[in-house]
2 protein chains.
Amino acid sequence: MSADATDARSIDARSMYTRLMNIGEAAQASGISAKMIRHYEQIGLMPKVARTFSGYRLYNQNDLHLLCFIRHARDLGFSTVQIGKLLELWHNQQRPSSEVKAMVSEHVRTLKQKIAELEAMQAELQRLVDGCHGDQRPDCPILDRLAN
Amino acid sequence: MSADATDARSIDARSMYTRLMNIGEAAQASGISAKMIRHYEQIGLMPKVARTFSGYRLYNQNDLHLLCFIRHARDLGFSTVQIGKLLELWHNQQRPSSEVKAMVSEHVRTLKQKIAELEAMQAELQRLVDGCHGDQRPDCPILDRLAN
DNA sequence: CTGGAGCTTACCATCATGGCAAGGTCAAGC
DNA sequence: GCTTGACCTTGCCATGATGGTAAGCTCCAG
């Protein structure tokens, strides 16, 4: 372990420069609910953080950084399993960037697939909506289509 | 109840023209798994169908028609709750088509929203992928972005 | 009559997230 | 110092659509 203060990994609960937070503040700062932070810890996505004598979780800047990473990945649609792999790659200084690229490309493919499916639904539904007069009469091409 | 043979609703287990099926055949014919057919029955989306003396479910053409309606709606992305409403409208001969149109339009809006979200993710990820050399070196703009 | 396919119910799992309840802790104000 | 309210802890249950599995019953063909 390097003691170089510019290395983010050297910041931990022992650092005098680290402001410690309870889970509520960490939740606010990271944009992840306290509930989910505990959940991520439980499934092993987050390491177990420090605790006060009375059992309150304590988050330092390093932990917060990790939480933010998770949130960014989550916001980009990665599953927790995928986020776990991304974190592994992030922490592994020897990773080849090709590995990251491959993983993310695969996710992009999945997204494109899902988008295509939703667009197909949307197009068909829009077509049906456009073909429905939408007045007081019961006659309805939308229901007709669903029924046949 | 009308006895008019051209009225689909008059076809039931008592009709001599209705071929009865077990759940497996109904599943094949409708494209919905037997498991899900039972589930739809349990949550009240399907009425309870007839049973043999020994308890096997029996599906007639009317039931099959209903199952197909459900499958079409499901394939267009409607939730079971929404499908329940669609079925109500379908069965209600007095419905105004405007009501159907409104429901479906709302669903289209939801789909568009979801598509937009996924597209935003996809675009950002694609941008990151394009900016990553993807070779043996550990340097990786994708992870950098997630970390900051 | 037997074997295998098909049916029954009931329970558990997924995935990400929220809610609730019962109880402990902490800090601020009186 | 004591009270109060905000915050924390764990644990359990729920969502929604779907799949799996297990134990046991039924049906049909050979």
Side-chain angles (χ1 to χ4, degrees), chain A residues 19-46 48-60 63 67 69-87 107 110-111 114 117-118 121, chain B residues 13 19-46 48-60 63-64 67 69-87 107 110-111 114 117-118 121:
Chain A
R19 199 166 64 82
L20 296 176
M21 292 166 273
N22 279 344
I23 198 170
E25 199 179 346
Q28 277 231 292
S30 67
I32 301 180
S33 71
K35 193 90 196 204
M36 288 312 295
I37 293 178
R38 291 192 197 99
H39 179 62
Y40 292 151
E41 177 182 312
Q42 217 212 331
I43 64 176
L45 201 55
M46 282 282 295
K48 295 195 174 176
V49 294
R51 300 271 188 142
T52 65
F53 184 71
S54 60
Y56 282 24
R57 287 174 180 79
L58 289 176
Y59 295 85
N60 60 31
D63 298 324
L67 281 172
F69 185 103
I70 291 174
R71 192 174 83 85
H72 290 144
R74 203 183 61 170
D75 288 350
L76 287 169
F78 289 100
S79 70
T80 46
V81 170
Q82 290 174 313
I83 296 175
K85 288 178 190 157
L86 286 171
L87 285 173
H107 181 45
T110 306
L111 283 177
K114 182 143 279 178
E117 285 169 16
L118 294 182
M121 289 178 193
Chain B
R19 199 167 65 80
L20 297 177
M21 293 166 274
N22 280 343
I23 199 170
E25 200 180 344
Q28 278 231 290
S30 67
I32 301 181
S33 70
K35 194 90 195 203
M36 288 311 295
I37 293 179
R38 291 192 197 98
H39 179 62
Y40 293 151
E41 178 181 313
Q42 216 211 330
I43 64 176
L45 201 55
M46 283 283 295
K48 295 195 173 176
V49 294
R51 302 269 189 143
T52 66
F53 183 71
S54 59
Y56 281 25
R57 287 174 181 79
L58 288 176
Y59 295 85
N60 60 31
D63 298 324
L64 185 57
L67 281 171
F69 185 103
I70 292 174
R71 193 174 80 85
H72 290 144
R74 202 184 62 171
D75 287 351
L76 287 169
F78 289 100
S79 70
T80 46
V81 170
Q82 289 173 313
I83 295 174
K85 288 178 191 159
L86 286 171
L87 285 173
H107 181 45
T110 306
L111 282 177
K114 183 143 277 177
E117 285 169 16
L118 294 181
M121 290 178 193

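Treat the numbers as computed from the prediction; the structure is a model and nothing was measured. Throughout, protein chains are lettered first and strands after them, A, B, ... in sequence-line order, and every chain is numbered starting at 1.
The distance between atom CE of B:Met36 and atom P of C:dT14, rounded to the nearest whole Å, is 18 Å. Taking atom CD of residue A:Gln28 and atom C1' of nucleotide D:dC8, one finds them 15 Å apart after rounding to whole Å. Put simply, CZ on B:Arg74 is 16 Å from P on D:dG16, counting in whole angstrom units. We find that CD1 of B:Ile32 is positioned 9 Å from P of D:dT18, with the value rounded to whole Å. Counting to the nearest Å, the C1' atom of D:dA17 and the CD1 atom of B:Ile37 are 15 Å from each other. One can place NE2 of B:His39 at 15 Å from C1' of C:dC11, the figure rounded to the nearest angstrom. The separation between B:Leu20 atom CG and D:dC27 atom P is 14 Å, rounded to whole Å. Between the C1' atom of D:dA14 and the CD1 atom of B:Ile43 lies a distance of 15 Å, rounded to the nearest Å.
For B:Leu45 against B:Leu87, the heavy-atom pair with the smallest separation is O-CD1, 3.6 Å. Across all their heavy atoms, B:Arg51 and B:Leu58 have their closest contact at C-CD1, 4.1 Å.
For the side chain to side chain donor-acceptor pair (under 3.5 Å) test, residues two or more places apart in sequence or in another chain that qualify with A:Tyr40 are A:Arg74. Applying the side-chain contact (heavy atoms from CB on, under 4.5 Å) test to A:Thr110 and every residue at least two apart in sequence or in another chain returns A:Glu106. Legend: residues meeting side-chain contact (heavy atoms from CB on, under 4.5 Å) with B:His107, ordered by chain and number and at least two apart, are A:Leu125, B:Phe78, B:Gln82, B:Leu111. B:Arg38 pairs by the salt bridge (charged side-chain N to carboxylate O under 4.0 Å, His left out) definition with nothing, not counting sequence neighbours.
Look at A:Tyr40 and you'll find a side-chain N or O under 4.0 angstrom from OP1 or OP2 of C:dT17. Applying the 4.0 Å criterion to OP1 and OP2 of C:dC15, one finds that A:Ser79 has every side-chain N and O outside that range. Under 4.0 angstrom from either OP1 or OP2 of D:dT26 there lies no side-chain N or O belonging to B:Thr52. Within the 4.0 Å cut-off from OP1 or OP2 of C:dA16, at least one side-chain nitrogen or oxygen of A:Thr80 is found.
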Exercise for the section: Encode nucleotides 4-9 of chain C as B, S and - characters from 5' to 3', where the letter depends on protein heavy atoms closer than 4.0 Å: B to the base, S only to sugar-phosphate, - to neither. Expected result: --BSBB

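Legend: side-chain hydrogen bond (donor to acceptor under 3.5 Å, both in side chains) pairs involving residues 21-34 of chain A, not counting sequence neighbours, sorted by first then second residue: A:Arg19-A:Glu25.
Nearer to the 5' terminus of DNA chain D, by closest-nucleotide assignment, is the contact made by B:Val81 (compared with the other of B:Phe53 and B:Val81).
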